[in-house]
Every structure is written in structure tokens, then in C-alpha cells.
There are 2 protein chains.
Amino acid sequence: MDTEAIKQSLDGSGLRCTPQRFAVMAFLMEHNQHPTAAEIFEGVNRLDPRSSRATTYNNLRDLVQAGLVREVAVEGRAARFDAKGMPHHHFICDRCGNVEDIAWYDVPKPSVSALGPRKLRECEIILRGLCRQCASKKVS
Amino acid sequence: MDTEAIKQSLDGSGLRCTPQRFAVMAFLMEHNQHPTAAEIFEGVNRLDPRSSRATTYNNLRDLVQAGLVREVAVEGRAARFDAKGMPHHHFICDRCGNVEDIAWYDVPKPSVSALGPRKLRECEIILRGLCRQCASKKVS
DNA sequence: TACTAGCTTAGATATAGTCTAATTTATTCA
DNA sequence: TGAATAAATTAGACTATATCTAAGCTAGTA
Ligand SMILES: [Mn+2]
Ligand SMILES: [Mn+2]
Ligand SMILES: [Zn+2]
Ligand SMILES: [Zn+2]
């Protein structure tokens, strides 16, 4: 797990590398299962350093703003997070809400006329349906 | 505004056409600005019939499940809804969270190998950036 | 009519996330 | 270095969003 790389990327984004902020990044890089803020908070506090709930949320907000972390909103559930590594798409399960990575493939952009005066920053594909586990379960 | 069509589509989905449920559908068909549940609740209660908050949420849930309404989760904000009419994509503003329609264009599906045993239901494109209004405003 | 399933309701409750004000930690620079 | 300043952290109160509960109310059926 690349301590130096994390420091670099925080530094490069103008964010101080505090123990709490570092811990959030490190946790996300070790757990690519799209944890919620509550899970990150719990995971980080299982070891040192301690981090408050407010700090965990603050740092997630800062990391998302800096473009180092991605936030995935899931209808009716807590947001999920992942460290932006290799580009990939997301599959969101209709039933359990889990978010899974799908290998990247190219996304067609809208025409200039469809976009109008809007400033496009990114263009993502969201796949929906039943995840591995839920697809294999019987009934409703 | 097509009263009969709403009744038909509710009926066809096995949902009784109650005044409250009808009002939610009618409101969504008249307001394609992706209102939140709170806005729908308020809008519906501005006229007859009265509908409680619980009923508004219940009906939105039922309509989404029936595939008549789409729910759009927006990070850090209330979910937004629209009646599923013509297929289209969504542009979500980074700054103000507004959701705008973008003319439909075809979305490439993932390869079977990337998808694995998952059951794919739909495949949508989400565009992000600054909406018309926010793009034209200066500074942070 | 009586029965039933589906629907609605007010208000309590749960969950997710933000804010405040005080404190701690790091950085700047005299 | 030490003083001043800026940035980050904290506990816990607070807000926003959404769901649940339990009782009552239709509409459809017999
Ligand atoms: Mn991911
Ligand atoms: Mn729409
Ligand atoms: Zn699932
Ligand atoms: Zn905007």
C-alpha cells in the first residue's frame, strides 16, 4: 500500500496530509468495495489514528472535491465512495444497493447541440439490475 | 394532460387509480423539472385532493417500482423524480444539483464477460458539470 | 349487506449528513 | 526561536430526508 503516493496526491491537490485524511485515503485504497461514510468512519477508527465523524465527512467532501475520490449516490441509501484509480463503470444492484465495478469501456458524449451552453465535466455509465448474489437468489 | 392515459398506465401496472396516486402522476407529467418528493407533496396539496406525506412517498415508491416513474439520486441532496416518457439522459449540475434532460442517444452495453452473472435491467448515461445558469455565473 | 385487500393518515421514528464553537495542530515569519 | 496565524479536528447538537406504525378509510366482491 503506497504511503508515498497518497502523500503525493494529497499534496498535489493542496490538501494537507493529516493522519485522519491519510487514513481515509488508505482505507479506500485497501477496500474497493465502495464503503459508506459510516463504514469508513468505523474502519478508520478500528486502528489509529482516531477520527471523528465530522472529520470523516469533512475529509470525504474534500477528497471528492479534489477529484481523488468518487462519490456514488444510490437511491434510498447512503452514498458510497471509492478512490479514483483505473477508470471504470458502476453496476448498482436494484435489490441490495451494492455497487460493483465494471471494466471500463468508452462512453459516447452528447452532441454539442444537445449539451447547449452547459460545461461538461464527466460522462459516466451506470448499469442497473441484479448483482451476482441477488441474481442467484430465488423469488421476490 | 391525458387523464385517461394515466388511468390506463396505473391500471396496467396493477395499481389502483386513487385520487392521491393520480395526482402524483399528473403533477409529474405537468412538471418535467425533476421535482423532489417534498416539492411533489407541496404541489399536490396546493389543489385537491389532499395527500399526506407518507402517501406521497408511498405512491412515489410504487410508481418507481411499476416503472412509470424514474428516481434520480443526487449526491448530498434529495432524490428527484420524473415521469418516464420519451427516453432521455440526465445532466446533473455539480453546483446546484439541478437535473436536466438531455436528448436520448444510444448507450453501449458492457460485454457479457464484463457483466458476468449479473442481470442487466438498464444502462444509463449521467452527464455532470455546470448547468446553463451555473456555467454563466462568475467565480466560486 | 358483510368481507377483504388495498390505500391513506398523523405522527413517531430512523438514517444520513451538516453545523457550531471550542480546541488542537501545523505553518509562517519576525 | 516564539508569537501570530491558518488549517484541521472534535463532540455533540441539529437538520433534512425518508420510513414505519397502527388505526381508520375506501373500493371491489360476494
Ligand atoms: Mn468503483
Ligand atoms: Mn428527466
Ligand atoms: Zn444485490
Ligand atoms: Zn447549476
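Per chain, numbering begins at 1; letters A, B, ... match sequence-line order.
- Distance A:L60 CG to D:dA8 C1': 15 Å, rounded to the nearest Å.
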Starting at the 5' end of nucleotides 12-18 of chain C, put B wherever the base has a protein heavy atom under 4.0 Å, S where only the sugar-phosphate does, and a dash everywhere else. B---SBB
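- In this structure, CG of B:N59 is placed 15 Å from P of D:dA18, rounded to the nearest angstrom.
- In this structure, the CG atom of A:L15 is 16 Å from the C1' atom of C:dT27, given to the nearest Å.
- Regarding contacts with the backbone of D:dT10, a side-chain N or O of A:Q20 is found under 4.0 angstrom from either OP1 or OP2.
- Annotation: A:Q133, atom CD; neighbour count of heavy atoms from other residues, nucleotides and ligands within 6.0 Å does not exceed 12.
- A distance below 6.0 Å separates the ring centres of B:H89 and B:Y105.
- Checked options A:H90, A:Q33, A:R70; the residue passing with A:D82 is A:H90 (criterion: side-chain hydrogen bond (donor to acceptor under 3.5 Å, both in side chains)).
- When the nucleotides D:dA8, C:dC7, C:dT9 are ranked by their closest atom to the side chain of B:R21, C:dC7 comes out on top.
- Salt bridge annotation for A:R128-B:E124: present, with a cationic side-chain nitrogen under 4.0 angstrom from a carboxylate oxygen.
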I'd like to compare against my own output: the B/S/- annotation of nucleotides 24-30 of chain D with a strict under-4.0 Å heavy-atom distance to protein. --BS---
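- A pairwise comparison of heavy atoms in B:T56 and B:F41 identifies OG1-CD1, 3.5 Å as the closest pair.
- Between A:K7 atom NZ and C:dA26 atom P the separation is 12 Å, expressed in whole Å.
- Atom-to-atom, CD of A:Q65 to P of D:dA7 comes out at 15 Å; the value is rounded to the nearest Å.
- A straight line from CG of A:L10 to C1' of D:dA7 spans 14 Å, rounded to a whole angstrom.
- Contact annotation: A:T18 side-chain N/O to C:dT25 OP1/OP2 distance is not under 4.0 Å.
- For the pair B:P117 and A:A135, the tightest heavy-atom approach, listed with the atom from each and the gap, is O-CB, 3.8 Å.
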Please lay out, stage by stage, how B:D101 and B:H34 fare under the test side-chain contact (heavy atoms from CB on, under 4.5 Å). CA-CA 9 Å; B:D101 290 346; B:H34 310 93; 2.8 Å; yes
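- Of the charged side-chain nitrogens involved, at least one lies within less than 4.0 Å of a carboxylate oxygen, so that A:E100 and B:R118 count as a salt-bridged pair.
- Among the protein residues, B:T55 comes within range of the nucleic acid bases, having at least one heavy atom under 4.0 Å from a base atom.
- One atom, CG of B:N58, and another, P of D:dA18, lie 13 Å apart when rounded to the nearest Å.
- Within 6.0 Å of the NZ atom in B:K119, the count of heavy atoms belonging to other residues, nucleotides or ligands does not exceed 12.
- Distance B:F22 CZ to C:dT8 P: 14 Å, rounded to the nearest Å.
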